[in-house]
Amino acid sequence: MAKKTVEKASPFVPVEEQPYQVPENWCWVIIGKITDIIGGGTPPSGMATYYEGGTIPWITPADLSDYNEVYISRGKKMITELGLEKSSAKMLPTGTVCLSSRAPIGYVAIAKNQLSTNQGFKSFLPSKCYLPQYLYWYLKGNKELLESKASGTTFLELSGKKAAQLPFPIAPLPEQKRIVDRIESLFAKLDEAKEKVQAALGSFETRKAAVLQSAFNGHLTENWRHNNGISISTWDKTTIGNISVLITKGASPKWQGVSYTTDKSQTLFITSENVREGYLDLEKEKYLDNKINEIQARSVLCYGDVLLNIVGASIGRSAIFDRHQLANTNLAVCIIRLKDGIENRFISYFLNSPFAQYFYSDKKVEVARANISLGDIKLMPISLPTKDEQFEIVRLLDAFFDKEAEAKAQAEAALKSIDAMKKSILAKAFRGELGTNHPEDESAEELLKRTLA
């Protein structure tokens with residue numbers, strides 16, 4: 001790349017400070033030298049005359065959370081002319097590239113019309129040197145660069161001074177248009193693929209509910225019963241209480257005067273956070289002094305106990321305690337210890353099924369935190385097949401969920417791959433590696449000299 005002569009007021013980035021090499025007919029500029037960067041402001045919230053009946057669009061970083069469009073026309077709030085006048089908010093022209101500069105840094109959108117922003121933005125006014133979409137995609141792909149220039153103790157903020165010093169690779173205008181078109185074309189295909197993957201992931205819950213419904217109304221093993229000469233009339237209508245030898249719960253360690261410990265030779269403490277749908281999540285293990293087991297002897301866990309969350313937002317999640325380890329629980333986790341001849345995984349699957357979820361919804365009491373009583377758990381109705389059929393239902397459900405877990409893992413990997421491809425496309429775009437560059441275009445340096453003259 002030809003070395004540029006850098007003067008004090010030059011817009012060009014010195015060669016030794018350029019982040020990476022770009023095509024010969026491109027150039028690196030200091031963005032604050034080719035456009036104005038405007039901050040925003042917030043009219044005092046207590047003044048109704050600054051907001052009521054307002055006609056001026058006013059956006060905050062929160063308006064760009066989960067916002068995936070390139071252009072934005074307004075946020076949740078509008079302000080009045082007086083609100084604009086009495087604050088540091090500015091009216092920004094159409095085509096302004098609005099960048100959130102704090103909480104968080106890196107949301108980007110282009111003003112579809114005149115609008116204003118709060119102080120959480122640094123907005124880049126239109127320039128003859130770049131297309132708004134070209135700057136949009138550059139900023140979109142450089143969140144790490146933006147954050148590296150930020151400072152702050154409570155939260156990071158990109159100042160106007162730092163934003164003005166950002167290095168920006170300028171391509172010739174026709175090439176900028178080709179780059180934008182190529183990015184948007186490739187992203188459209190990737191977004192289409194992403195929607196299909198997300199739809200597949202979204203249908204997992206529907207498929208799960210359907211197979212569990214089928215398992216506990218007898219349809220799943222209909223052929224099995226036929227082949228074994230068994231009638232569904234063999235299913236025993238009973239209750240969880242009738243098939244259990246113990247239904248209890250733990251207590252709060254604080255109430256019992258028991259301290260937490262880092263000593264893993266002591267008692268593993270299971271809470272509702274650990275009890276997921278069908279498995280225990282013990283990534284964050286907690287331990288208590290062993291004296292909890294003297295105080296709360298009834299809630300000492302045994303291998304194979306069925307656990308059920310009965311308090312809070314996770315009501316109805318069930319899993320098996322499958323650890324050969326001394327453990328106890330808190331009051332949000334119900335312990336169900338089954339009689340001999342009852343398959344514990346069959347019961348856990350049932351407790352996660354739509355039948356049980358309907359029961360929880362009907363019985364839960366909304367106080368400070370929603371909860372289900374142990375008495376209600378004991379009275380929960382269940383149709384119990386023979387032990388052989390219980391095993392067959394568990395086998396079929398295991399096979400289904402293993403297959404679903406594999407499909408889900410593949411879908412999640414595909415989503416990560418799509419995001420990685422987008423990052424790669426943006427990285428290549430601003431290095432001139434998308435195969436769109438035309439050497440015969442007017443060079444970016446000539447463009448800058450002409451437009452900034």
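All residue numbers in this chain count up from 1 along the given sequence. Both backbone and side-chain heavy atoms feed into the values below; hydrogens, waters and symmetry mates do not.
At least one donor-acceptor pair closer than 3.5 Å links the side chain of S148 to the backbone N or O of L145. Checked by atom type and distance alone, the side chain of Q390 pairs as donor or acceptor with a backbone atom of E343 at under 3.5 Å. Of the possible donor and acceptor atoms, one in the side chain of D63 sits under 3.5 Å from a partner among the backbone N and O of T60. With hydrogens and angles disregarded, a donor-acceptor distance shorter than 3.5 Å links the side chain of T80 to the backbone of T49. Counting only distance, with no hydrogens or angles, the side chain of R225 and the backbone of G218 share a donor-acceptor pair below 3.5 Å. Judged by distance alone, with hydrogens and angles left aside, the side-chain atoms of S353 form a donor-acceptor pair with the main-chain N or O of F350 at under 3.5 Å.
For the ring pair (Phe, Tyr, Trp, His ring centres under 6.0 Å) test with Y138, the passing option among Y130, F168, F124 is F168; the others fail. Here the options are I183, V180, L139, the test is side-chain contact (heavy atoms from CB on, under 4.5 Å), and the partner is Y134; only V180 passes. Checking each of L374, N344, V306 against I336 for a side-chain contact (heavy atoms from CB on, under 4.5 Å) leaves exactly one that passes, namely V306.
A pairwise comparison of heavy atoms in E147 and L156 identifies O-CD1, 4.4 Å as the closest pair. The two atoms that bring L426 and G141 nearest to each other are CD1-CA, 3.6 Å, heavy atoms only. Minimum heavy-atom separation, N274 to K284: ND2-O, 3.8 Å. Considering every non-hydrogen atom in both T117 and A89, the closest pair reads O-CB, 3.7 Å. When every heavy atom of F401 is checked against every heavy atom of K208, the shortest pair comes out as CE2-CG, 3.3 Å. Considering all non-hydrogen atoms of both residues, Y260 and P253 come closest at OH-CG, 4.0 Å.
For the pair L190/I425, a side-chain contact is recorded, criterion being any heavy-atom separation below 4.5 Å from C-beta on. You'll find the side chain of D322 reaches within 4.5 Å of the side chain of Y303, heavy atoms only. Within the 4.5 Å cutoff, no side-chain heavy atoms of Q165 are placed close to those of K149. Contact annotation: the side chain of I382 never approaches that of F355 to less than 4.5 Å [non-hydrogen atoms, C-beta and beyond]. Side-chain contact between R102 and Q119 is present, with heavy atoms from C-beta onward closer than 4.5 Å.
T248 pairs by the side-chain hydrogen bond (donor to acceptor under 3.5 Å, both in side chains) definition with nothing, not counting sequence neighbours.
For the atom pair NZ (K143) and OG (S100), the distance works out to 6.5 Å, reported to the nearest 0.5 Å. With rounding to the nearest 0.5 angstrom, the CD1 atom of I230 is 10.0 Å from the CD atom of E392.
For F346 and F216, the ring centers are positioned less than 6.0 Å apart. Here W58 and Y50 keep their ring centres 6.0 angstrom or further from each other.
With 3.5 Å as the limit, one finds a donor-acceptor pair spanning the side chains of S348 and S318. Side-chain contact, D289 with S259: no donor N or O sits under 3.5 Å from an acceptor N or O. A donor atom on one side chain and an acceptor atom on the other are found under 3.5 Å apart for T221 and E389. At a cut-off of 3.5 Å, with distance as the only test, a side-chain donor of D263 or S265 sits close to an acceptor on the other residue.
Geometrically, K77 engages Y51 in a cation-pi contact, judged by NZ or CZ lying under 6.0 Å from the ring centre and within 45° of the ring axis. The cationic atom of K408 (NZ for Lys, CZ for Arg) lies less than 6.0 Å from the six-membered ring centre of F204 and within 45° of the ring axis.
Heavy atoms from other residues, nucleotides or ligands lying under 6.0 Å from CG of D402 number more than 12. Remark: K286 NZ is packed, more than 12 non-hydrogen atoms of other residues, nucleotides or ligands lying under 6.0 Å away.
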